[in-house]
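Notes to accompany the following structure.
Below, read A as the first sequence line, B as the second, and so on, with proteins coming before strands; counting in each chain starts at 1. All values derive from a computational prediction rather than experimental measurement.
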4 protein chains.
Amino acid sequence: MGARSSKRKQEAPAGRTFIEEARRAQIVAAAIEVIAEFGYAKATFGRIARRAGLSSTGVISYHFAGKDDLMREVVAEVMRVADGYMRPRVEAETTSSGRLRAFIESNLALLEEFPRHLPAMVEVLSNVAGRCQGEPAREFAEAMEKATAAQIEGVRHAQKAGDFREFDAETMVIAIRGAIDALVVRAARDPGFDAAVRGRELAEIFDRATRRTP
Amino acid sequence: MGARSSKRKQEAPAGRTFIEEARRAQIVAAAIEVIAEFGYAKATFGRIARRAGLSSTGVISYHFAGKDDLMREVVAEVMRVADGYMRPRVEAETTSSGRLRAFIESNLALLEEFPRHLPAMVEVLSNVAGRCQGEPAREFAEAMEKATAAQIEGVRHAQKAGDFREFDAETMVIAIRGAIDALVVRAARDPGFDAAVRGRELAEIFDRATRRTP
Amino acid sequence: MGARSSKRKQEAPAGRTFIEEARRAQIVAAAIEVIAEFGYAKATFGRIARRAGLSSTGVISYHFAGKDDLMREVVAEVMRVADGYMRPRVEAETTSSGRLRAFIESNLALLEEFPRHLPAMVEVLSNVAGRCQGEPAREFAEAMEKATAAQIEGVRHAQKAGDFREFDAETMVIAIRGAIDALVVRAARDPGFDAAVRGRELAEIFDRATRRTP
Amino acid sequence: MGARSSKRKQEAPAGRTFIEEARRAQIVAAAIEVIAEFGYAKATFGRIARRAGLSSTGVISYHFAGKDDLMREVVAEVMRVADGYMRPRVEAETTSSGRLRAFIESNLALLEEFPRHLPAMVEVLSNVAGRCQGEPAREFAEAMEKATAAQIEGVRHAQKAGDFREFDAETMVIAIRGAIDALVVRAARDPGFDAAVRGRELAEIFDRATRRTP
DNA sequence: TATGAATGAGACTTCATTCAT
DNA sequence: AATGAATGAAGTCTCATTCAT
């Protein structure tokens, strides 16, 4: 039997050897590329293994409990990278509107640093999460829900502090998310896409939408 | 011989009997429901046939040239419905900002009238269009591109007329589209979703984003 | 129920109305064209119906007991035509070697008069007959066997009469048949095929092979 | 991932493990038997898998890129065997007529050694090659064309050297091929078929047809 | 720890055939 | 006598997953 039966894989997410961790990372990286390039539906283990330079799909099944597990890892990886990139940029800002701007702009800037990461995540989330069938999907949904809830809370807090005008925070957060994702998808297709310019434009749009009227 | 041979299927989209048209409509309706509920990947002929009360997937293959053909029909049907619903509401408005508001609000109102239609279309478009592999995908992509281009042109025109302030029209149109789609996806999952309220909120957001500063 | 149940179709091959006979002939003609053009495997009822200008495959099933029945009819039709064309030409000859030459040359000439007939028959015979599965196949086999046997008998007779030299008549007949069929197949593909020239050449070959040495 | 991804399958025909080669050979052998027995049309993956003692058709799809690939392998295998058997026998002869005789006789002798090989190849070639639809078919057609062209050239050379009399080399080669194939088909059906005798008879026939008159 | 091979469920599609009208 | 619609079996192919080595 493999080092970790599918049971244990679920129970003990940690405690991996260095080499195993490396393989997982390698596979996740390949998966991100393949998903971004071919879309979720065509991101088969076969293609991912080939991209990773692996000779068999068995390796993937060996390291991950299943496709859902791999996809969860893909999303987690992208979130980790996104957080590492965006958080310092957002936290460097002192005003609410500054943070909103930084959030939007750094999100799009991320697209230039890691062109495949966000498109891959958008693909996965729109295909796996949402529909609540099976554990992993629910896990995604809850994670996203939590992140969104935190953002909403932040916006509400800013509203109370008088930094933002009145509006429905939840709708605003969803709108911002949707607008960014739409640009991400666009970027994945349009080679001449200028992320910096688009980021500034989008930030401007939502700045006007949230700003208190003087 | 199928209702329409694969050759003729491409050549002569019209000329269907009443009963065949009815079956096609029934299948498309079932497909819309299944796609909205299970997502594009799990919207198999089997599930769609079962939902439509059909005894075999062969019936679907009999009436449609293939999965792509069915999906094209799904998108076309949703667009037909959406256009019938939104166009009069948008065209009833006389100002640019009124039209923008009507566009957004009627788009979300549509969600209440046909809760499955927009989610299904978003699913299909994000999975079939986009990556340009094969004729039908390209067809979608071009249709969407054209629609988007028209909207951009409309916005630019309004800007020139002084109805909207200065901003990048393309980014704005994409942002609006993305924001609406995000709410559509949200609505598909959240039973308590109030489309009217969300529509008003979203319209407000983009009204502020586009309005000339007084 | 149709005019003839599948049972009756087998039992009463005759007694058809004029119009029914016409339809059958039309379908057989279409089948011959399709088989010659696409090969046996791709000669589906759909293609045949389309070629015949029929709107449904049901018509074919209505007029023929099944695919095998249609194929039998195809072979019978080609044999009828071939016999009508070749027999007078063969019987006009008075010598054995003249008849052999006439047989070969008229067979290839037939290819020019009815370019689809022989290729179609070769297709059907090599795919349906031979393998003895089911009644119709056996029927074919026997019919061919009988025709071949008659030819062998004729050759033996000519040998006894001293018109032909000594050789195994059966092998000779099979060889002639095979050589002609190979040229038929060739003709079906090669647009510049000159049937008259090839016929003369082939007749010459087998004339030398059968002629008594002086 | 299959043993060879469809990409690699085309690119790297070699580089197979021993066990995979064995499976492929086993499947090809089963295919040859099934084709010879049931004909090309009924030689389905299901029947072939059953004959090979395999539990599912998936195994075949795993080892071959598709049905065309398997059929190509079948033809290649038969040609390999035929070449190995016939070439030494033909090349051992020093005269043109000796080589022709050896060609015909060894071809029929092969029928006794491997009774299913030639019938299977004839089946495949007459069904897959011929009509040029798709890459693999064209590949076959070209290979056969080349072989035939070489034979024609050889015959012409012998004619120039005065070994053969005057006749159209192309027609002669096609006739020989057709005659042999007809006997091959005959042999597949007739249990009492004596390949050696038939071979001698056929060789005699074409010897007389090609021999210079003294 | 990894892999090659196999598996088997399930997908789409094609086709001859049936049947009510 | 004909037709359009439907059927269902059968076919090829793809994949995630398993397992012995």
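Comparing D:G46 and A:A43 against DNA chain F, the residue whose closest nucleotide sits nearer the 5' end is D:G46. For the pair D:K67 and A:K67, nearest-nucleotide mapping onto DNA chain F gives the more 5' position to D:K67.
The CZ-P distance, from B:F38 to E:dA11, rounds to 12 Å in whole Å. Distance A:F45 CZ to F:dT17 P: 5 Å, rounded to the nearest Å. Across the protein-nucleic acid pair, A:R24 atom CZ and E:dT1 atom C1' stand 14 Å apart, rounded to whole Å. We find that CD1 of D:I19 is positioned 17 Å from P of E:dT3, with the value rounded to whole Å. In this structure, the CZ atom of A:F64 is 15 Å from the C1' atom of E:dA2, given to the nearest Å. Per the geometry, OH belonging to A:Y40 stands 19 Å off P belonging to F:dT14, to the nearest Å. If you take CD1 of B:I60 and P of E:dC15, they are 19 Å apart, rounded to a whole angstrom. The distance between atom CG of B:L54 and atom P of F:dA6, rounded to the nearest whole Å, is 7 Å.
Between atom CG of residue B:L70 and atom CD1 of residue B:I27 there is a gap of 7.5 Å, rounded to the nearest 0.5 Å.
Across the strands present, F:dG8 finds its partner in E:dC15; the criterion is a Watson-Crick or G-U wobble pair with both atom distances under 3.5 angstrom. In a base pair of the Watson-Crick type (N1 to N3 plus N6-O4 or O6-N4) or a G-U wobble (N1-O2 and O6-N3), with each distance short of 3.5 Å, F:dA1 is matched with no nucleotide.
Closest approach of C:F45 and C:G66 over heavy atoms only: CZ-C, 4.2 Å.
Which of F:dT7, E:dT1, F:dC13 sits closest to the side chain of A:Y62 comes down to E:dT1. Side-chain proximity of C:S56 to the nucleotides F:dG4, F:dA1, F:dT14 is greatest for F:dG4. For B:V59, counting side-chain heavy atoms from C-beta on, the closest listed nucleotide (E:dC15, F:dT7, F:dC15) is F:dT7.
A salt bridge does not link D:K42 to D:E37: none of the charged side-chain nitrogens sits closer than 4.0 Å to a carboxylate oxygen.
When side chains are defined from C-beta on, A:E123 does not count as touching A:F38, because their heavy atoms never get closer than 4.5 Å.
Within the structure, a side-chain polar atom (N or O) of C:R23 is placed less than 4.0 Å from OP1 or OP2 of F:dA2. For F:dA1, the OP1/OP2 oxygens have a side-chain nitrogen or oxygen of C:T17 closer than 4.0 Å. Contact between the side-chain N/O atoms of C:H63 and the OP1/OP2 oxygens of F:dA2 is found at a separation under 4.0 Å. Note on D:T44: a side-chain N or O is less than 4.0 Å away from OP1 or OP2 of F:dG11. For B:S55, a side-chain nitrogen or oxygen approaches OP1 or OP2 of F:dG8 to under 4.0 Å.
Under a 3.5 Å cut-off, the side chain of B:E77 and the backbone N or O of B:V28 do not form any donor-acceptor pair.
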